[in-house]
Each structure stands twice: as C-alpha cells, then as structure tokens.
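Please read the structure below before turning to the comments.
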Protein chains: 2
Amino acid sequence: MLKIAKSVEYALFAIKYMSEKENKKCSSVAEISESQNIPFDLLAKIMQKLAKGGIILSTQGIKGGYVLNCRPEQISLNRLINILDKKIQFTNCMVDNPTTNDCHRVKNCCIRNPMQKIQNRLNELFDITTVHDLIQ
Amino acid sequence: MLKIAKSVEYALFAIKYMSEKENKKCSSVAEISESQNIPFDLLAKIMQKLAKGGIILSTQGIKGGYVLNCRPEQISLNRLINILDKKIQFTNCMVDNPTTNDCHRVKNCCIRNPMQKIQNRLNELFDITTVHDLIQ
DNA sequence: TTAATTCGGACTAAAAAAGTCGTATTTATG
DNA sequence: CATAAATACGACTTTTTTAGTCCGAATTAA
C-alpha cells in the first residue's frame, strides 16, 4: 500500500536515459532495457503507454525507437502515474458517482469527504513534482 | 496502488463508534461489527492491533470489550497506518540500509533521494492529519 | 527480402490484501 | 464451579493486484 508502481520507477529511468541522449537521437527498447536493467517486455509495454500518453514519440521499423516529446521539467509525477498505473484512489468510493458497488455506504459516509480532501492534497503534491525533480 | 488499506478504513469507523459511546463504556467487536457492517473476524484482528498500538484498551472476559485510550484528535493517520498496515514505502529501497536484495541499484541510484523527499512530504501530511479530521 | 524494430493483446506467475477458521484464555455471573 | 460471552493469536484460504512473459502482426531502412 502507498507504493509507487514499478512501471513508474522504470519509466523514470527510461526518461532519464532518453533525456541524456545527445542530438535527440532515438533509443530502442533493447538499448534502454539493457543499460538500465529493466525487463525488455515490460519496458516495451511501458514505452507504448508513454507514447500513447504523449510523453515520447515513436518511430517504427528498423532504426526506429523512441524520443522524448517533452522535457522532464514538463512532466508531472501525477501525469506519469495516471498514464502508467491508474489515478490515485485512496478508497473505492473516490470516484465521481459512487454506487453501492463501490461501497455500500455510498454517499452518506462520514469519511468520504475528509478522505477526499487528503487525497486532493496528495494529488497537488504529485502535480507539482516533476520527473526532473525525481531523476537528478 | 496509493490506496488506503481497508483495515485503516474499518478502524476509522470503529474509532468513531467508540468515540460516540456515552460514559466511556466499552464496546464489543460483535457490537461494532454489526452496527458498522464490518466482517467480525477481520475487525477482531484490527481491534487487537489497535490495542497493541495503544489506541484502545481491552478488557477480557464476558462483559469485556474495548474503549478508546486517546481522543481522535490525538491519533494521526500515519500512526493508524503504521499500526495496521505498514510504513509508507514508495519504493523497495526506502529502508534504512538498503541491500541489493531491496534493489540492485542500491545506494548509487539517482531517484532514491528525490523519491525519499516526496515520501517525507506525504508522511508530514499524514502526520498532521488526525482521525478526528477524518471522521466528522 | 530480410532483420530490427514497434504494436497490441493474451497469458502466467508472484505478491499482497482481504477475509475466514479454530482453539485457547479470560472473567462475570448464576 | 460451570457456563457463556468475550478477547487473543496464529494458521489458513480466497481474491485482487502487480509484475513479468509470450506470441504474432505491422512497419521500415537497407
């Protein structure tokens, strides 16, 4: 509980690697996987999600690979988590319109609102934290 | 990921229940379990941990049960999490003396320190948040 | 045409969380 | 002193989530 997903960790290393590449040359998954000690198949999936999320750009085919699409200063930790993992959700009822399926207490629950506030504070923290802050 | 353990949630309801009991009378697990819709066996384990953690006091035998040992204002969310779940640990290496078993990168890891700082911020947030804040 | 690459989904394995069960101990009360 | 209602504690099972693997397809430079 209250752990950062491995995929987010791996993404940080991958982004750092790409950010240090000279001339904006693209990097292949194999290259990053080997140099950073990240399982190839897992990293491949992570990179695809990062590409879909607009953080990196992909080039297919031989000589293909990925390049950063934004600077690490522009990527928030929260964005990374949302793309790779899922939104921060302290409790099951922390969704827009909770049903009895999410929690039998549903709306008239005394802890829902206070919990929501704490969760918001965490979201703020993760919004102002950038990948650049995390990889130096 | 980044979810509050169910046991912490249940503990909040139990503490609220006990705090509303008149005359500091003790409450049995059965009583709380039924009124709050929490599985009996699970709540029993939670109450034992809360007792060991000094948050409640137990009386054994028939007519036994639990009473609060401190006011909800005096119990931080962090304390509750530490007692019932485990310490907040963003990454495997967020321990005092990480070994290669925790992470092969061990100490010379560029994300360890920055991550530690963010984790500290969360710990601060959970330290200043009290159970009272969460159950109103 | 080939080889190195990304794409995308299905699958498996491992770990963690949630929940259950059984037995022992304690103690007020008839 | 026997009983019933309570806590104590550990082992176990089930469910859910995370991490990791595999495979076949599409793409593209040479």
Side-chain angles (χ1 to χ4, degrees), chain A residues 1-11 13-14 18 25-34 36-53 55-67 69 81 84-92 101-104, chain B residues 1-11 13-14 18 25-34 36-53 55-67 69 81 84-92 101-104:
Chain A
M1 285 290 186
L2 296 166
K3 200 169 180 175
I4 299 289
K6 264 274 162 45
S7 54
V8 172
E9 245 183 87
Y10 291 154
F13 289 112
M18 288 183 285
K25 271 176 62 184
C26 75
S27 316
S28 73
V29 173
E31 187 185 338
I32 302 175
S33 149
E34 278 159 34
Q36 305 300 304
N37 249 283
I38 301 169
F40 179 89
D41 290 306
L42 192 46
L43 180 61
K45 283 205 309 188
I46 291 168
M47 298 300 275
Q48 280 167 33
K49 283 188 184 175
L50 291 180
K52 279 201 171 175
I55 286 178
I56 57 181
L57 295 174
S58 79
T59 319
Q60 277 195 315
I62 197 170
K63 296 254 170 179
Y66 297 96
V67 248
N69 191 35
I81 291 173
L84 294 172
D85 201 29
K86 50 190 80 162
K87 290 200 170 182
I88 291 168
Q89 194 184 356
F90 273 3
T91 58
N92 289 337
N101 226 335
D102 298 310
C103 174
H104 65 88
Chain B
M1 286 293 186
L2 297 167
K3 201 169 179 176
I4 299 290
K6 265 272 160 48
S7 54
V8 172
E9 245 182 86
Y10 290 155
F13 289 113
M18 288 181 285
K25 272 176 58 183
C26 75
S27 317
S28 72
V29 173
E31 188 185 338
I32 303 175
S33 146
E34 278 158 33
Q36 304 301 303
N37 249 283
I38 301 170
F40 179 90
D41 290 306
L42 192 45
L43 181 61
K45 284 205 309 188
I46 290 168
M47 299 300 274
Q48 282 167 33
K49 284 189 184 175
L50 291 179
K52 280 201 170 176
I55 285 178
I56 58 181
L57 295 174
S58 79
T59 318
Q60 277 193 315
I62 197 169
K63 295 252 171 185
Y66 298 95
V67 246
N69 190 35
I81 291 174
L84 295 172
D85 201 30
K86 49 190 78 162
K87 291 201 168 179
I88 291 168
Q89 194 184 357
F90 272 4
T91 59
N92 289 339
N101 225 336
D102 298 310
C103 173
H104 65 88

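This structure is a prediction, so every number in the text was calculated from the model and none was measured.
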task: Report the C-alpha distance between A:Y66 and A:S58 in whole Å, list the side-chain angles of each, state the deciding distance to 0.1 Å, and finish with yes or no for side chain to side chain contact (heavy atoms under 4.5 Å, CB included).
output: CA-CA 5 Å; A:Y66 297 96; A:S58 79; 3.4 Å; yes
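- Residue contacts shown for A:K49 are absent, as no nucleic acid heavy atom lies under 4.0 Å away.
- To the nearest angstrom, P of D:dT7 lies 9 Å from CD of B:E31.
- At D:dT28, none of the side-chain N or O atoms of A:T59 fall inside 4.0 Å of OP1 or OP2 (strictly under the cut-off).
- Each of B:G64 and A:D85 was matched to the nucleotide of DNA chain D holding its nearest heavy atom; the match closer to the 5' end belongs to B:G64.
- Between A:Q60 and B:K45, the residue whose closest nucleotide on DNA chain D is further toward the 5' end is B:K45.
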message: The test is side chain to side chain contact (heavy atoms under 4.5 Å, CB included); show your working for B:K49 and B:K52 and say whether it passes.
response: CA-CA 5 Å; B:K49 284 189 184 175; B:K52 280 201 170 176; 5.6 Å; no
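- Heavy atoms only, all atoms of each residue included: B:S27 and B:E31 are closest at CA-OE1, 3.4 Å.
- Side-chain N/O atoms of B:Y66 include one lying less than 4.0 angstrom from OP1 or OP2 on D:dA8.
- Comparing D:dT28, D:dG20, D:dT18 against the side chain of A:K86 picks out D:dT18 as the nearest.
- Minimum interatomic distance between A:I32 and A:M18 (heavy atoms only, all atoms of both residues): CD1-CG, 4.1 Å.
- Of all nucleotides in DNA chain C, those with any atom nearer than 4.0 Å to a heavy atom of chain A start and finish, going 5' to 3', at C:dA3 to C:dA18.
- In terms of heavy-atom proximity, A:L84 sits nearest to A:A11 at CD1-CB, 3.4 Å.
- As judged by a 4.0 angstrom heavy-atom cut-off over every strand, B:M1 is placed among residues touching the sugar-phosphate backbone only.
- Of the residues in residues 36-43 of chain B, none lies under 4.0 Å from DNA chain D by heavy-atom distance.
- The shortest non-hydrogen separation linking A:A14 to A:M47 is CB-SD, 4.1 Å.
- For B:Q48 (side chain) and B:A51 (main-chain N/O), no donor-acceptor pair under 3.5 Å exists by modelled atom type.
- When all heavy atoms are compared, the tightest approach of A:L2 to B:K3 is CG-O, 3.9 Å.
- Distances shown here put a side-chain N or O of A:Y10 below 4.0 Å from the OP1 or OP2 atom of D:dG20.
- For the pair B:S33 and B:P39, the tightest heavy-atom approach, listed with the atom from each and the gap, is OG-C, 4.4 Å.
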